[in-house]
Amino acid sequence: EIIDNERNYLRIEDTLEFFYQKIEMEDIDFYTNKVYQSYNLYNDTDYIINRSDPYYKVFKHLIDKINNMSDMISHLVNKLENVQEKEFTLRKANISASGLKFQTEDNYSKGNLIFIKFKLKSFQEISIIGEVLNVTPINNGLNEIIIEFRLVEAQAKEKMLQYVIQKDRQLNINKIK
């Protein structure tokens, strides 16, 4: 489902793989660092070197090695800092480049800060910090929460926008068929 709300943001309903956790104010610096360290600057090799360049494959291989090492180091740092992150789960959500709406069994209040890490299909993992704008109790102990993204690395925001546009196109093509 495509939603073009009054704020003129393209929003889509999709099943996303992500995890989230409430941030306490004393942990804000730690999570701010996680937002910026989770985006790999070397992911878009096409911006650095042209595919037709004879050294593209070698360059791509080296970049992949660097990214793998970076991921391993990040994982080890998280283990050393004894950070307990939730498992990624599939959830139906409404997403745009500026926010997210989903249902949760956890209790949140307006103004809570939340750390979210996405695995968007065909894109890398994206970490953000958001603020809970609204909490609506629904049924069976579930709450619908609306989150506005507050801290998003610029390239990650661009990736989310690309994802939303790509899904929008797929949905429009499926409607025509």
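Since the structure is predicted, the reported quantities are computational estimates derived from the model, not experimental observations.
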Colleague: Tell me the closest heavy-atom pair linking Asn143 and Pro137, and the distance in Å.
Modeller: OD1-CA, 3.4 Å
Colleague: Is there side-chain contact between Phe149 and Lys157, with heavy atoms separated by less than 4.5 Å?
Modeller: no
Colleague: Can you give me the closest heavy-atom contact between Val164 and Ser96, atom names plus distance?
Modeller: CG2-CA, 4.1 Å
Colleague: Who clusters with Ile138? Use side-chain heavy atoms, under 4.5 angstrom, across I, L, V, M, F, W and Y, and order the result by chain and number.
Modeller: Leu142
Colleague: Under the side chain to side chain contact (heavy atoms under 4.5 Å, CB included) rule, collect the residues that match up with Lys92, sequence neighbours excluded.
Modeller: Glu13
Colleague: Does the side chain of Ile95 come within less than 4.5 Å of Arg11's, by heavy atoms?
Modeller: no
Colleague: With sequence neighbours left out, write down each residue that passes side chain to side chain contact (heavy atoms under 4.5 Å, CB included) with Lys110, or none if nothing qualifies.
Modeller: none
Colleague: Which residue pairs pass the salt bridge (Lys or Arg N to Asp or Glu O under 4.0 Å) test when at least one of the two sits in residues 131-142, sequence neighbours left out?
Modeller: Glu131-Arg150
Colleague: Do Gln166 and Gln170 touch side chain to side chain, with heavy atoms closer than 4.5 Å?
Modeller: yes
Colleague: Atom CG of Leu151 and atom CG of Leu113: how far apart are they, to the nearest 0.5 Å?
Modeller: 10.0 Å
Colleague: If we only count heavy atoms from C-beta on, is the Ile128 to Met160 side-chain gap below 4.5 Å?
Modeller: yes
Colleague: Looking at side-chain heavy atoms only, is the closest gap between Leu16 and Leu100 below 4.5 Å?
Modeller: yes
Colleague: What residue among Asn107, Thr104, Asp106 forms side-chain contact (heavy atoms from CB on, under 4.5 Å) with Ile145?
Modeller: Thr104
Colleague: My understanding is that only residues two or more places apart in sequence, or in another chain, count here; which of them pass side chain to side chain contact (heavy atoms under 4.5 Å, CB included) with Arg91?
Modeller: Phe18, Tyr20, Thr89, Phe102, Glu105
Colleague: Does the side chain of Phe118 reach to within under 4.5 Å of the side chain of Phe19, using non-hydrogen atoms?
Modeller: no
Colleague: Could you pull out all residues at least two apart from Asn134 that satisfy side chain to side chain contact (heavy atoms under 4.5 Å, CB included)?
Modeller: Thr136, Ile146
Colleague: Any non-hydrogen side-chain atom of Ile129 less than 4.5 Å from a side-chain atom of Ile23?
Modeller: yes
Colleague: Could you pull out the closest heavy-atom pair between Leu161 and Ala97, with the gap in Å?
Modeller: CB-CB, 4.0 Å
Colleague: For Asp14, which residues count as a side chain to side chain donor-acceptor pair (under 3.5 Å) partner, sequence neighbours excluded?
Modeller: Tyr163
